Amino acid sequence: MEYAIPRPLRLPVSPEEWQLRARACLAPGTYDYLAGAAGSEDAKIRDEEAFRQWRIVPRFLQDVAKRDLSVKVLGVTFPAPVLLAPIGRQALFHPEAEAASARAAASLGVPFILGTESSRSIEEVAAVMGDAVRWFQLYPPKSFEVAESFIRRAEASGYSAIVITVDRPLEGWQEPDLRNAYFPIMFPHAVTNFITDPVFMAGIPKRYYADHSYILNEVFRIFYNPAFTWRGLSRLRNITRLPILLKGILHPVDAEQALAAGADGIVVSNHSGRQLDGTISALEALPSVCERIRGRIPVLMDSGIRRGADVMKALALGASAVLVGRLYVYALSVAGEVGVTRVVSDLIAELDISMANAGICSVSGLNSSLLVRST
């Protein structure tokens with residue numbers, strides 16, 4: 001399909017430009033929180049470097065006059081192999097927050113994944129998306145009852161999958177946030193889904209309803225759940241018929257165990273380097289996970305996606321589709337909904353052109369024979 005690049009002009013084009021403009025727009029602490037990663041930021045750097053270790057070997061004299069970027073994931077056909085990753089607290093970056101990002105996704109026909117820590121509620125985001133595809137991302141809290149309530153609200157609001165993030169038992173050691181004394185989990189921007197949840201609020205004494213400090217402390221008390229295990233996943237699996245994807249898988253043994261536990265999909269991700277310094281990159285982990293899964297469930301990938309060629313490489317190495325995160329939030333910071341629409345449509349347009357120039361006319365034609373490892 002064809003994608004019109006939205007105007008106005010003079011918006012950035014390259015990912016690097018979007019990031020620079022976002023840095024100029026945001027307060028230093030907010031920008032560092034968005035752009036930063038754990039420890040030395042080695043994992044974040046590795047995510048992007050890993051793409052450069054694979055080179056595309058194009059085939060020419062192929063008929064690429066018509067291209068098909070569509071993919072089918074969980075039985076649903078999307079116009080392009082791109083989803084918007086769950087990024088929390090988007091009111092930190094733009095006043096319209098997730099509403100702007102969700103509208104942009106809906107306008108392009110790409111799925112939007114709403115985060116647990118969103119600044120707009122499950123119901124608010126559903127309302128602005130109409131019938132567009134949306135998934136809900138869950139950080140499993142210590143309270144099973146609150147987790148179940150979140151899932152029930154997502155079901156009632158037309159979300160079609162649950163993405164359970166499993167790679168953050170605790171918040172990573174993020175030196176920029178420590179240096180800036182910037183801790184967004186304690187901001188009201190992060191707790192909208194809690195303060196709009198009847199089960200969570202039922203546990204708050206009424207005399208504290210207007211006490212934001214008390215409520216934030218209660219959220220913080222149950223939010224991190226380092227005791228969450230495969231047994232907890234089984235409990236969540238048993239309460240919903242929605243597909244469940246596990247986000248944060250890097251080890252093939254965990255991928256096999258996810259399949260055995262009833263997961264309907266996997267997102268290979270190292271959380272863009274935000275949680276554990278020195279991890280393997282998502283792209284490096286992708287082939288071994290795909291080899292273990294052998295097509296039995298979809299394997300998506302995020303962390304480090306910046307350009308159309310990156311998307312091609314991820315798909316050629318086995319991903320069913322990719323998620324983009326920081327990239328669209330940089331654009332949100334600069335130009336709101338218009339920025340998100342622009343950066344995602346540019347990414348899809350670049351993918352389209354890159355596939356044609358590599359001699360590939362459909363996503364199904366992308367495989368490892370297209371790539372060689374750089375020495």
Side-chain angles (χ1 to χ4, degrees), residues 12 15-49 85-98 100-101 115-120 137 139 141 165 167-195 211-226 248 269-279 281 302-304 306 324-336 339-340 343:
E16 294 80 10
E17 289 177 280
W18 282 110
Q19 184 171 353
L20 284 172
R21 289 278 294 276
R23 185 169 195 165
C25 290
L26 297 171
T30 304
Y31 173 79
D32 286 348
Y33 163 69
L34 174 59
S40 69
E41 301 195 344
D42 171 73
K44 173 189 169 184
I45 294 166
R46 183 65 183 161
D47 272 336
E48 297 187 29
E49 288 180 342
I87 303 285
R89 312 158 179 145
Q90 290 189 24
L92 295 173
F93 314 115
H94 190 274
E96 293 189 344
E98 289 84 4
S101 302
T116 298
E117 299 173 280
S118 59
S119 305
R120 297 290 184 271
Q137 174 266 340
Y139 286 117
T165 297
D167 62 355
R168 193 177 77 167
L170 296 174
E171 192 72 41
W173 182 262
Q174 296 179 22
E175 293 175 3
D177 295 346
L178 293 168
R179 182 172 58 249
N180 296 325
Y182 191 88
F183 307 113
I185 184 60
M186 300 305 293
F187 291 0
H189 302 91
V191 299
T192 300
N193 280 321
F194 288 87
I195 64 176
D211 187 336
H212 292 296
S213 295
Y214 183 92
I215 291 174
L216 289 173
N217 284 328
E218 286 300 293
V219 171
F220 188 75
R221 184 180 63 81
I222 70 168
F223 185 74
Y224 294 104
N225 187 7
S269 170
N270 68 3
H271 219 115
S272 293
R274 295 186 65 86
Q275 304 310 323
L276 179 61
D277 191 19
T279 62
S281 74
D302 87 349
S303 303
R306 294 294 181 272
V324 294
R326 280 192 183 99
L327 178 61
Y328 87 80
V329 180
Y330 290 142
L332 173 70
S333 304
V334 174
V340 179
V343 80

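Note that the structure is a prediction, hence the values are computed from the model and not measured.
- Looking at N180 and P28, their side chains never come closer than 4.5 Å, going by heavy atoms from C-beta outward.
- Contact annotation: the side chain of Y330 never approaches that of V343 to less than 4.5 Å [non-hydrogen atoms, C-beta and beyond].
- Annotation for R274 and A38: closest pair O-CB, 3.5 Å, computed over non-hydrogen atoms.
- Looking at residues two or more places apart in sequence or on another chain, you find a side chain to side chain donor-acceptor pair (under 3.5 Å) between N270 and D47, T279, S303.
- Heavy-atom minimum distance, Y328 versus V340: O-CG2, 3.7 Å.
- Counting only distance, with no hydrogens or angles, the side chain of S119 and the backbone of Q90 share a donor-acceptor pair below 3.5 Å.
- Counting only heavy atoms from C-beta outward, the side chains of F194 and I222 approach each other to under 4.5 Å.
- Within the 3.5 Å criterion, the main-chain N or O of Y139 finds a donor-acceptor partner in the side chain of T116.
- Using a distance-only test at 3.5 Å, with no hydrogens or angles considered, no donor-acceptor pair links the side chain of Y224 to the main chain of R168.
- Within the 4.5 Å cutoff, the side chain of E171 has no heavy atoms near those of the F183 side chain.
- Residues E17 and P12 approach most closely at CB-CB, 3.6 Å, considering heavy atoms.
- Contact annotation: the side chain of R326 approaches that of S272 to within less than 4.5 Å [non-hydrogen atoms, C-beta and beyond].
- In this structure, K44 contributes its side chain and A35 its backbone to a donor-acceptor pair below 3.5 Å.
- E49 meets the side chain to side chain donor-acceptor pair (under 3.5 Å) test with no other residue; sequence neighbours excluded.
- Heavy-atom minimum distance, L332 versus H94: O-CD2, 3.4 Å.
- Proximity of L92 to Y182: side-chain heavy atoms (C-beta onward) are separated by under 4.5 Å at one or more points.
- Take Q275 and apply the side chain to side chain donor-acceptor pair (under 3.5 Å) test, not counting sequence neighbours, and it matches no residue.
- When the shell of 6.0 Å around OH of Y214 is examined, it contains more than 12 heavy atoms from other residues, nucleotides or ligands.
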List the steps, then state whether salt bridge (Lys or Arg N to Asp or Glu O under 4.0 Å) holds for E16 with R23. CA-CA 11 Å; E16 294 80 10; R23 185 169 195 165; over 6 Å; no
